[in-house]
Amino acid sequence: MRMSQLYSATLREVPAEAEIASHQLMLRAGLIRKVAMGIYSYMPVGWRVMKKIMQIIREEMDAQGGQEMFMPTVQPAELWQESGRWNVYGKELWRVKDRHDRDFLLAPTHEELITAHVRNDVRSYKQLPLMPYQIQTKFRDERRPRFGLMRCREFVMKDLYSFDRDEAGLEISYQKMHTAYTNVFNRCGLTCRPVVADSGAIGGSGSHEFMALSEVGESQILFCHKCDYAATDEIAAVEPCPTGVGETPASMEKVHTPDCKSVEAVAALLGMPANRLVKTICYMADGKFVTVLIRGDRQVNEVKLANVLGCVELFFADDETVRQHGMEPGYCGPVGLNQDVPVVADREVALMVNHACGAGEKDYHLKNVNPQRGDYRIDTVADIVLVEKGAACPVCGAPLDTARGIEVGQIFKLYTKYSAKLGARYLDEKGQEQDIVMGCYGIGVGRTMAAIIEQNHDDYGIVWPMSVAPWQVEIVPVNDKDEFLVEQAEGLYQELSKRGVETLIDDRKERPGVKFNDADLLGFPLRITVGKKCRETGTVEIKIRATGEVQEVALADVADIIQNLVRSMLQDLHCS
RNA sequence: CGGGACGUAGCGCAGCUUGGUAGCGCACUUGAUUUGGGAUCAAGUGGUCGCAGGUUCAAAUCCUGUCGUCCCGACCA
């Protein structure tokens, strides 16, 4: 490709709307242009990168038995009413009407449609397993799109669905996808970590998210340095550390604590650390009033809590509702609570000895409360704690560390959640009808591109890994008026192109500084500079973008050396 | 959905307090000089100041509304 003909415009200044490096660089390098909030055009250079990522994904999906297909974005509402998600999905589901005023939607994901296809086409166990997939545009009317391609309303996603006879089959498909995802992200040059993720009401170890480690990631992960435990903060478990264990239960005591509504204030007044207190928090779970008990210095993990309660909607109860259930906001406590109020306690709370808590009436707290003595009722004991840095690893007990990550992929065991609802069944060897066991597996393609830039950039611009670079090599003739240099550069361009090396020649009538800066911004892995040394000594310069390493080579050797460099840099990324 | 900020040329911004008919840098066009890290000089192109009302002889500027955008939070696959 000739840069003089390329539809691309680089910007010197950073557009004011962009906050993070990948977003700024994608705009400055002319990879994307914004159309509306969370909606972008992929410009020619950006789309070349997208196509490369998609090709890597295709190869890895196909290697595991995936079969590519393509399904529509616009889907009739009926299908989603059948699965129940038309009502459950909420405002994020982008609903549209056709000219006959019939309900349609712009699909955020394709479980319903693919399951409907499979239910019509699959009758026998002999047709399973299946792994259809597509790379396609998805719509989610996000409440708050942000950070460029990181969180969009329209985005490109690879979605694969596995259909198996039983859970053993699902386990195999799931492992295949785990392997495929690891390969995809390695080949893209991403440092990625699979972590245990929330799998909603289904439960179990049914989901992993693939996190590209990055400061600007929207997800927090907790991991162990000693063993390989890693999970999102939504689901991370922790070894309970109850306080007061070993003490003799003392008799309960009511203490006057005027104007002590916060844990800190109560702890200060009672002269004890916050971890000797129990907080009582009142929630509305799908419209039902629930109280939740947790150690004073801990935070409630609402994702875990929602899973325990099996609810969809969860928020704090307002003061009035709290009073209606016989408690005083700021002084809530479990002792003597109304029988009709469900009590969920964190595992730690149930083991605590001589803890303090609210007395349920204004300006009073209780000391030396003991759940195991039966001082109050607990209906459900569960892990509902938000794990923080330094907490004990649930596997080996070492302190957990935290990191931030960009969720570039998620794999998920669906079991029969959709097949049962939509009636996707097959006949087994005994002629028995069975629900098909499903899994779903997604990769955000644009988000992957953004994550690659987050992990591979410097002050000058993008530093593409060889496998996803829009062009592998750029040739820069330093002086466009010097016919000899231009001729040599053109000759090199022809030779490399003939050899199948993806080459861009900067044949613009620009000064060298402009060309060098654009080359750095656009991030081509290799740059060949054809300058006056070419005339004087017959050599050109090869510069490696990532390391800054420069070597001078004879004109006659350049093509061979470049070809070898490209090959070895691809091999380093397990792409040959 | 709550809080904060911002909409003036493709990009970055000034002008608004104190109303007088729009400006700077970059980019872009033409010419000359220049050519190993964002050149210099000269001459140009480009904006109904987000939109709609209102106040006024007069509105980018004041008032009201509205739309759009960004950030923080809440919410949510």
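Because the structure is a prediction, the values reported are computed rather than measured. In what follows, every chain begins at residue 1, and chains take the letters A, B, ... in the order their sequences are listed. Below, each value reflects all heavy atoms present in this structure, side chains not excepted, and no hydrogens, waters or symmetry copies.
Where A/Pro15 and A/Glu142 meet RNA chain B, the nucleotide closest to each residue was compared, and A/Pro15 sits on the side nearer the 5' end. Take the nearest nucleotide of RNA chain B for A/Lys91 and for A/Arg144: the residue whose nucleotide is more 5' is A/Lys91.
Comparing the P positions of B/rA60 and B/rG7 gives an interatomic distance of 16 Å, to the nearest angstrom. Distance noted for atom C1' between B/rC76 and B/rU66: 28 Å (whole Å). The P atoms of B/rC62 and B/rA14 are separated by 15 Å, rounded to the nearest whole Å. Atom C1' of B/rA77 sits at a distance of 30 Å from the matching atom of B/rA5, rounded to the whole Å. B/rC28 and B/rG12 have their C1' atoms separated by 16 Å, with the value rounded to a whole Å. Rounded to a whole angstrom, the distance from the P atom of B/rU30 to that of B/rG68 is 40 Å. Across the P atoms, B/rA22 and B/rA32 are found 34 Å apart, a figure rounded to whole Å. Across B/rU56 and B/rU61, the matching C1' atoms stand 13 Å from one another, rounded to whole Å.
In this structure, the nucleotide among B/rA77, B/rU69, B/rC71 sitting nearest to the side chain of A/Glu92 is B/rA77. Closest approach to the A/Gln410 side chain among B/rG73, B/rA77, B/rC75 is made by B/rA77 (side chain taken as heavy atoms from C-beta onward).
Across the strands present, B/rA27 finds no partner; the criterion is a Watson-Crick or G-U wobble pair with both atom distances under 3.5 angstrom. Using Watson-Crick or G-U wobble geometry with both donor-acceptor distances under 3.5 Å, B/rU40 finds its partner in B/rA32. Of all nucleotides present, none satisfies the Watson-Crick or G-U wobble test against B/rU61 with each distance under 3.5 Å. Of all nucleotides present, none satisfies the Watson-Crick or G-U wobble test against B/rC16 with each distance under 3.5 Å. Across every strand in view, B/rU45 sits unpaired, with no contact that passes the Watson-Crick or G-U test at under 3.5 angstrom. With a cut-off of 3.5 Å on both pairing distances, B/rA77 has no Watson-Crick or G-U wobble partner at all. With a cut-off of 3.5 Å on both pairing distances, the Watson-Crick or G-U wobble partner of B/rA5 is B/rU69.
Here the P atom of nucleotide B/rC11 and the CE atom of A/Met43 are 13 Å apart, to the nearest Å. The nearest whole Å value for the distance from the CD1 atom in A/Ile411 to the C1' atom in B/rA77 is 16 Å. Spacing between atom CD of A/Glu218 and atom P of B/rG73 amounts to 10 Å, rounded to whole angstrom units. What separates CE of A/Met37 from C1' of B/rG7 is a distance of 15 Å, to the nearest Å. Atom CD in A/Glu19 sits about 6 Å away from atom P in B/rC71, given to the nearest Å. As rounded to whole Å, 6 Å separates atom P of B/rU69 from atom NZ of A/Lys34. Here B/rA77 presents its P atom at 22 Å from NZ of A/Lys413, a figure rounded to the nearest Å. Atom-to-atom, CG of A/Asp141 to C1' of B/rC1 comes out at 14 Å; the value is rounded to the nearest Å.
Between A/Glu218 and A/Arg144 no salt bridge is recorded (no basic side-chain N to carboxylate O distance below 4.0 Å). Here A/Lys413 pairs with A/Glu171 in a salt bridge; the nearest charged N to carboxylate O distance falls below 4.0 Å. The existence of a salt bridge linking A/Asp520 and A/Lys543 is excluded, since no basic side-chain nitrogen approaches an acidic carboxylate oxygen closer than 4.0 Å.
Among the protein residues, A/Val476 comes within range of no part of the nucleic acid, since none of its heavy atoms lies under 4.0 Å from any strand. Using a 4.0 Å heavy-atom distance criterion, A/Arg146 is classed as a sugar-phosphate-only contact. Contact annotation for A/Glu407: no contact, since no heavy-atom pair falls under 4.0 Å across all strands. Heavy atoms of A/Ala18 sit nowhere under 4.0 angstrom from any nucleic acid atom. Within 4.0 Å of A/Ala16, counting heavy atoms only, lie sugar-phosphate atoms of the nucleic acid but no base atom.
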At under 4.0 Å between heavy atoms, how does the protein contact nucleotides 30-42 of chain B? Give one character per nucleotide, 5' to 3', with B, S or -. ----BBBBBB---

Show which side-chain atoms of residues 38-50 of chain A pair as donor or acceptor with protein atoms under 3.5 Å away, not counting sequence neighbours.
from    : atom 1 : to       : atom 2 : distance (Å)
A/Tyr40 : OH     : A/His23  : NE2    : 3.3
A/Arg48 : NE     : A/Pro470 : O      : 2.8
A/Arg48 : NH2    : A/Pro470 : O      : 3.2

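Judged purely by atom type and a 3.5 angstrom limit, A/Lys515 uses its side chain to pair as donor or acceptor with the backbone of A/Asp506.
For residues 26-40 of chain A, every residue pair satisfying the salt bridge (Lys or Arg N to Asp or Glu O under 4.0 Å) rule, not counting sequence neighbours, is listed here: A/Glu17-A/Lys34.
The two residues A/Ala236 and A/Leu222 come nearest to each other via the heavy atoms CB-CD1, 3.7 Å. Counting all heavy atoms, side chain and backbone alike, A/Glu142 lies closest to A/Cys152 at CG-O, 3.6 Å.
Relative ring orientation between A/His178 and A/Tyr174 is described as tilted, the plane-to-plane angle lying within the 30° to 60° band.
Two rings, from A/His208 and A/Tyr441, have their centers 6.0 Å or more apart.
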